[in-house]
Novice: 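I'd like to ask you about the structure that follows.
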Amino acid sequence: MTILGHYRQIGYLFQLVSHGVFTRQIVALMLLVWLPQTHAAWVEKTAAVMGTHISVELWHPNEARANQLAQDVIDEMWRIDLLMSPFREESELSRINRQASHAPVHITQEMYQLLKKADGFSRLSQGAFDITFASVGQLYDYREATRPEPKSVNALLPMINFRHLLLDPTAQTVAFAIDGVQIDLGGIAKGHAVDRAIEHLKAAGVKHALVTAGGDSRILGDRKGRPWNVAIRNPRDKKATIVLLPLANSAISTSGDYERYFEADGVRYHHIISPKTGQSPSQLRSVTVIGGDATTTDALSTTLFVLGLKKGLKLIGSLTDIDAVIIDSQGKMHYSKGLAEPER
Ligand code: AMP
Ligand code: MG
């Protein structure tokens with residue numbers, strides 16, 4: 001095991017040298033993490049929402065209240081799914097996609113603010129993060145392993161451009177500048193949902209909680225005197241962990257090429273799309289971003305996946321209090337400057 005050095009507010013970054021082969025220390029550490037809690041006021045709930053695995057773990061002095069708050073988190077995930085799912089015809093997102101190329105669509109304040117944030121990440125990354133990727137992305141079906149012909153991709157590529165989204169703050173509307181534009185919030189909505197859940201818990205006086213939606217997590221406080229340990233998995237081995245990150249009061253998101261994908265003719269077609277090409281980037285296997293809130297880490301992990309190693313680390317270097325762990329196409333790990341280099 002290599003200890004990488006002091007990390008953020010507390011703790012250390014542990015790297016498992018031979019991927020998936022745990023040393024005794026790591027096994028001990030992980031047992032501490034994964035043994036079920038016996039304290040009555042620790043509550044854990046899981047659910048399948050937003051096409052992903054949701055979990056919440058929290059501590060509250062009153063067990064009944066703890067259970068209610070954990071249920072509130074799951075309910076909040078359902079609410080956001082109803083608003084933002086591309087698979088529900090009645091969602092606000094689907095309504096925008098149906099109507100916004102005809103006329104400005106009046107949207108909820110929550111949707112408006114998230115679209116505005118998405119626009120901010122598009123500008124920050126010069127279009128690597130772009131929710132209009134869906135104009136082409138909708139042609140891929142990862143379950144059915146179907147992909148568009150290159151000529152269909154080329155025909156729709158001009159519809160990918162965040163500048164096609166016209167946001168009017170006074171009227172609180174969104175419009176598409178041209179026909180054929182489609183949006184999808186899959187790269188930012190789970191982080192938003194996690195942030196909403198944590199804000200709710202904070203307002204209710206909770207001091208220790210971990211909320212996860214798929215690859216996006218946020219941690220409130222510590223684990224009563226110990227850090228929360230969040231694992232980065234080996235992108236090529238579901239069961240193996242590569243890094244454990246002991247964290248408190250942080251958000252962490254991982255984007256990977258292993259989440260939704262199929263392979264054809266030796267190419268891995270996965271769910272992250274480069275707005276420039278309409279294809280899945282192949283330079284990286286996974287990107288983990290650590291920061292203050294999950295909307296930011298969610299958007300940035302997707303962004304870095306598109307930007308690739310060099311531009312990705314440059315972007316992280318230009319931001320304060322954001323770090324990244326990147327695994328490249330050879331399985332090699334790279335860290336942003338805020339994470340210490342491994343001891344030799
Ligand atoms: P994540 O796991 O957070 O990286 O999110 C992946 C999801 O982001 C995909 O399933 C798409 O819904 C969405 N997505 C894919 N490519 C992009 C892109 N270039 N910009 C914004 N969102 C994207
Ligand atoms: Mg993301």
Side-chain angles (χ1 to χ4, degrees), residues 50-54 80-81 84-87 91 93-94 97 114-115 117-143 147 153 156-157 159-165 181-195 212-218 232-233 235 251-262 268-291 293-308 311-312 315-316 322 324 326-327:
M50 301 196 289
T52 196
H53 179 77
I54 305 291
I80 291 172
D81 186 54
M84 300 184 180
S85 168
F87 305 111
S91 72
L93 182 98
S94 297
N97 279 332
L114 197 59
L115 294 183
K117 279 191 184 171
D119 182 69
F121 287 109
S122 296
R123 287 168 199 280
L124 180 73
S125 65
Q126 294 175 335
F129 185 87
D130 191 331
I131 58 172
T132 67
F133 84 91
S135 311
V136 171
Q138 59 170 343
L139 303 176
Y140 291 88
D141 188 329
Y142 302 97
R143 268 197 206 151
R147 63 186 199 274
V153 173
L156 288 177
L157 212 46
M159 280 77 194
I160 305 185
N161 190 333
F162 61 93
R163 293 181 186 86
H164 293 330
L165 283 190
V181 176
Q182 294 284 285
I183 59 169
D184 182 292
L185 294 169
I188 194 169
K190 290 199 287 290
H192 167 71
V194 166
D195 280 341
T212 297
D216 305 292
S217 298
R218 185 158 160 196
I232 300 179
R233 61 165 271 198
I252 177 165
S253 293
T254 298
S255 293
D257 68 358
Y258 49 83
E259 284 171 41
R260 279 196 285 144
Y261 74 97
F262 62 90
R268 180 179 281 246
Y269 295 91
H270 63 81
H271 68 154
I272 298 173
I273 302 285
S274 162
K276 274 193 194 145
T277 63
Q279 315 274 354
S280 312
S282 56
Q283 208 195 94
L284 306 177
R285 291 181 181 172
S286 95
V287 174
T288 298
V289 173
I290 305 116
D293 69 273
T295 310
T296 300
T297 57
D298 188 3
L300 285 180
S301 65
T302 312
T303 303
L304 260 62
F305 206 102
V306 174
L307 284 177
K311 286 186 181 164
L315 177 62
I316 292 296
I322 309 268
I326 297 177
I327 304 177

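One-based numbering, in listed order, for ligands and for the atoms of each. This chain uses plain numbering: 1 for the first residue, then up along the sequence.
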Novice: In Å and rounded to the nearest 0.5 Å, what is the CZ to CG distance from Phe121 to Asp298?
Specialist: 9.0 Å
Novice: Any carboxylate oxygen within less than 4.0 angstrom of a Lys/Arg side-chain nitrogen, looking at Asp293 and Arg218?
Specialist: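 Salt bridge between Asp293 and Arg218, a charged N being under 4.0 Å from a carboxylate O: no.
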Novice: Would you kindly specify which portion of Ala134 sits under 4.0 Å from ligand 1, judged on non-hydrogen atoms: side chain, backbone, both or neither?
Specialist: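 Ala134 to ligand 1: no contact under 4.0 Å from either part.
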Novice: Would you mind running through ligand 1 and noting each atom that sits below 4.0 Å from a heavy atom of Val306?
Specialist: 19 (N)
Novice: Identify which protein N/O/S atoms are less than 2.8 Å from the Mg ion (ligand 2).
Specialist: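 Less than 2.8 Å away from the Mg ion (ligand 2) sit Asp298 O, Asp298 OD1, Thr302 OG1.
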Novice: Counting heavy atoms only, name the option from Ile273, Asp257, Ile183 that's nearest to atom 18 (C) of ligand 1.
Specialist: Ile273
Novice: Report the residue from Leu185, Leu114, Ile160, Asp184 that forms a side chain to side chain contact (heavy atoms under 4.5 Å, CB included) with Ile131.
Specialist: Leu185
Novice: Counting non-hydrogen protein atoms only, what is the nearest one to atom 6 (C) of ligand 1? Give residue, atom name and distance.
Specialist: His271 CE1, 3.4 Å
Novice: I'd like to know whether ligand 1 has Ala128 as a neighbour, heavy-atom separation below 4.0 Å.
Specialist: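 Per 4.0 Å heavy-atom rule, Ala128 contacts ligand 1.
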Novice: If you measure from each non-hydrogen atom of Asp130 to ligand 1, which part falls under 4.0 Å: side chain, backbone, both or neither?
Specialist: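 Looking at Asp130 and ligand 1, just backbone atoms fall under 4.0 Å.
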Novice: What do you reckon, does Thr302 have a nitrogen or oxygen under 3.5 Å from a nitrogen or oxygen of ligand 1?
Specialist: yes
Novice: Atom CD1 in Ile232, atom OG in Ser286: separation rounded to 0.5 Å?
Specialist: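 One finds 6.5 Å between CD1 of Ile232 and OG of Ser286.
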Novice: List the closest protein heavy-atom neighbour of atom 4 (O) of ligand 1: residue, atom name, distance to the nearest 0.1 Å.
Specialist: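 Minimum-distance protein heavy atom for atom 4 (O) of ligand 1 reads Ser255 OG, 2.5 Å.
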Novice: Mark the output for Pro275 as yes if a heavy-atom distance to ligand 1 is under 4.0 Å, and as no if none is.
Specialist: yes
Novice: Quick check: does any side chain N or O of Gln182 sit under 3.5 Å from a backbone N or O of Ala134, one acting as donor and the other as acceptor?
Specialist: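 Checking the backbone N and O of Ala134 against the side chain of Gln182, no donor-acceptor pair under 3.5 Å is found.
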Novice: For Tyr140 and Arg147, which I'm curious about, is there any donor-acceptor pair between the side chains at under 3.5 Å?
Specialist: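 Not at all, the side chains of Tyr140 and Arg147 share no donor-acceptor pair under 3.5 Å.
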Novice: Quick check on contacts: which atoms of ligand 1 are under 4.0 angstrom from a heavy atom of Glu259?
Specialist: 2 (O)
Novice: Going by the atom numbers of ligand 1, which of them fall below 4.0 Å from some non-hydrogen atom of Ile272?
Specialist: 4 (O), 15 (C), 16 (N)
Novice: What's the separation between atom CZ in Arg260 and atom CZ in Arg143, rounded to the nearest 0.5 Å?
Specialist: 8.5 Å
Novice: Examine Phe129 against ligand 1 and note whether any of their N/O atoms are separated by less than 3.5 Å.
Specialist: no
Novice: I need the Thr288 OG1 to Arg233 CZ distance, nearest 0.5 Å.
Specialist: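 If we round to the nearest 0.5 Å, Thr288:OG1 and Arg233:CZ are 11.0 Å apart.
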Novice: Between the side chains of Ser135 and Thr132, does any donor sit under 3.5 Å from an acceptor?
Specialist: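 Looking only at side-chain atoms, Thr132 and Ser135 do not form any donor-acceptor pair under 3.5 Å.
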Novice: Decide yes or no for Thr295 and Asp216: does some side-chain heavy atom of the first lie under 4.5 Å from some side-chain heavy atom of the second?
Specialist: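 Sidechains of Asp216 and Thr295: no contact.
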Novice: Rounded to the nearest 0.5 Å, what's the gap from NZ on Lys190 to CE on Met84? Could you check?
Specialist: 12.5 Å
Novice: If we count only N and O atoms by modelled type, under 3.5 Å, do the side chains of Thr297 and Ser253 hold a donor and an acceptor together?
Specialist: yes
Novice: Name the option, out of Phe305, Tyr142, Phe133, that contains the heavy atom nearest to atom 11 (C) of ligand 1.
Specialist: Phe133
Novice: Anything under 30° is parallel, anything over 60° is perpendicular, the rest tilted; go ahead and classify Phe305 against His270.
Specialist: perpendicular
Novice: According to salt bridge (Lys or Arg N to Asp or Glu O under 4.0 Å), does anything in residues 119-141 pair up with another residue at least two apart or in another chain? List the pairs.
Specialist: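 Every pair satisfying salt bridge (Lys or Arg N to Asp or Glu O under 4.0 Å) with a residue in residues 119-141: Asp119-Arg123.
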Novice: Please work out, at 4.0 Å between heavy atoms, whether the side chain, the backbone, both, or neither of Arg260 comes within that distance of ligand 1.
Specialist: side chain
Novice: Among all protein heavy atoms in this structure, tell me which lies nearest to atom 5 (O) of ligand 1, with the distance rounded to 0.1 Å.
Specialist: Gly186 O, 3.4 Å
Novice: Note the single closest protein heavy atom to atom 3 (O) of ligand 1, along with its residue, its atom name and the distance in Å.
Specialist: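 Heavy-atom neighbour on the protein nearest atom 3 (O) of ligand 1: Asp298 OD1, 2.8 Å.
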Novice: Identify the protein heavy atom lying closest to atom 12 (O) of ligand 1, giving its residue, its atom name and the separation to 0.1 Å.
Specialist: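 The closest heavy atom on the protein side is Asp184 OD1, 2.9 Å.
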